[in-house]
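The structure under discussion appears below in the form of structure tokens.
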Amino acid sequence: MDMKIRVLERGEWEFFARVVSEAYRIKDREMLKKIFEINLQVQEDGCLAAFLQGEPVGAGCFFIYGNLAWIGYMGVIPKYQRRGIATSILKRILNELTERDVKTIRLDASAAGYPLYRKFGFVEEYPTAIYEIPRIKSMRTCENVSMVKSVDEEIRAMDLKAFGADRIRALTAWINKGAKILKTQGGYALLKMDNIGPVIAEDDYVAQCLIQRAFSLGYRKIIIPEGNKRAVKLISSIGGFAVHRITRMSLGEHHIEKLDKIYAILDFAKG
Ligand code: COA
């Protein structure tokens, strides 16, 4: 099999979109274009594609936040699956990350991806699940939740403390593409597309204030790291329910995060 794997350049979003739309059955090409552009803003050389006779058949991206890296958007066009293409892309990404001195690699694995990552030594951490919020059962009285325009130092510090690495590039990339930020004493939430997250909050009250404000602005989806039992309890108690569950996995050194402050993650590819 004469396969070539290379880094995708800016402007090559169509290769990414072709693979990801078929692998993940996503119809919205414009959304994939936006995601590709955000990916490259976060990690300029982070998205790779595999080509057979010049046609893109597989893809995968990585994002480096200091010693910590994330892998996402691994996908192979269905008719080319089970030929070792994802294995080759993953090998290439892992070599790249080893050369760059990354200590921990994390990802959120689908059922299809799980065996592939296990083969490379990734271990399970906890489930991460998309929840839908059709309505809020009981509203709390909240004050001082405000919309801010950028990631200020306070937000950056809250995020760093909870997430355990500086991912300001990822937050800023989303803001540059129209995401909004809610901020209150002790927490913040990013709002993007139809999704709420990250939600970083010092307790349930702060988290609920952020989520219910996001809900009132029309946001209905949130990805919960289910290792945070309080987050699961909170989202269930306000009327959210899980629609799709996958598995957080990691390879390498244990990464220290403050999971009890993480009520929602950013996305499945970047933490
Ligand atoms: N002939 C037959 N089987 C082969 C093979 C070959 N030449 N080379 C590899 N395989 C087997 C592998 O052993 C592996 O099986 P195993 O896990 O039981 O050992 C299986 O094929 C898959 O490996 P590989 O071929 O490298 O993966 P892939 O190219 O089929 O892609 C996914 C795997 C997950 C990327 C692909 O299924 C996909 O795009 N799924 C939808 C999107 C998704 O869920 N992505 C992952 C998100 S975390």
Side-chain angles (χ1 to χ4, degrees), residues 1-8 13-29 31-33 35-36 38-39 42-43 46-64 68-97 102 104-130 170 193 195 197 221 223-227 242-252 255 265-271:
M1 190 166 59
D2 184 22
M3 184 172 61
K4 188 171 180 244
I5 297 175
R6 66 167 176 84
V7 171
L8 290 174
W13 68 271
E14 276 180 314
F15 292 150
F16 173 84
R18 211 183 302 168
V19 172
V20 175
S21 67
E22 288 200 42
Y24 290 81
R25 295 199 187 93
I26 298 173
K27 290 209 179 87
D28 189 343
R29 291 273 178 138
M31 182 185 83
L32 291 174
K33 180 178 187 212
I35 287 173
F36 179 73
I38 290 172
N39 287 351
V42 179
Q43 187 74 44
C47 283
L48 288 85
F51 294 85
L52 280 179
Q53 274 106 42
E55 289 301 310
V57 292
C61 299
F62 66 84
F63 307 94
I64 302 177
L68 172 70
W70 281 80
I71 293 176
Y73 300 107
M74 289 290 305
V76 171
I77 290 180
K79 69 175 174 192
Y80 296 102
Q81 288 176 2
R82 302 196 69 80
R83 296 187 193 186
I85 295 175
T87 302
S88 301
I89 297 173
L90 189 57
K91 259 188 202 152
R92 168 84 180 256
I93 290 179
L94 294 177
N95 285 342
E96 199 68 44
L97 295 178
V102 164
T104 311
I105 304 165
R106 298 180 97 190
L107 51 82
D108 292 291
S110 67
Y114 184 89
L116 176 72
Y117 304 122
R118 285 288 299 152
K119 207 164 59 181
F120 283 87
F122 280 81
V123 294
E124 246 179 75
E125 291 196 39
Y126 43 78
T128 45
I130 302 178
M193 301 200 281
N195 176 283
K221 284 196 181 137
I223 309 177
I224 309 288
E226 292 193 324
V243 291
H244 183 56
R245 185 169 280 117
I246 66 173
T247 309
R248 172 67 53 89
M249 301 180 87
S250 72
L251 180 70
H255 175 70
I265 68 165
L266 171 64
D267 61 44
F268 282 142
K270 303 181 205 66

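Just so you know, ligand 1 is whichever comes first in the structure, and atom 1 is the first atom listed for that ligand.
The aromatic rings of Phe36 and Phe16 lie tilted to each other, with the angle between the two planes from 30° to 60°.
In this structure, Leu116 CG and Met249 CE are separated by 9.5 Å, a value rounded to the nearest 0.5 Å. Rounding to the nearest 0.5 angstrom, the gap separating the CH2 atom in Trp70 from the CD1 atom in Ile105 is 11.5 Å.
Within 4.0 Å of ligand 1, protein heavy atoms come from Ala23, Tyr24, Met74, Gly75, Val76, Gln81, Arg82, Arg83, Gly84, Ile85, Ala86, Thr87, Asp108, Ala109, Ser110, Ala112, Gly113, Pro115, Tyr117, Lys119.
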Donor-acceptor pairs under 3.5 Å, side chain of residues 72-91 to any protein atom, not counting sequence neighbours: which ones?
residue	atom	partner	partner atom	Å
Gln81	NE2	Val76	O	2.8
Thr87	OG1	Lys119	NZ	3.3
Ser88	OG	Gly84	O	3.0

Practice problem: Evaluate the criterion side chain to side chain donor-acceptor pair (under 3.5 Å) for residue pair Ser250 and Glu125; output intermediate values, then yes/no. | Solution: CA-CA 7 Å; Ser250 72; Glu125 291 196 39; 2.8 Å; yes

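No option in Arg248, Lys270, Arg245 other than Arg248 meets the salt bridge (charged side-chain N to carboxylate O under 4.0 Å, His left out) test with Asp108.
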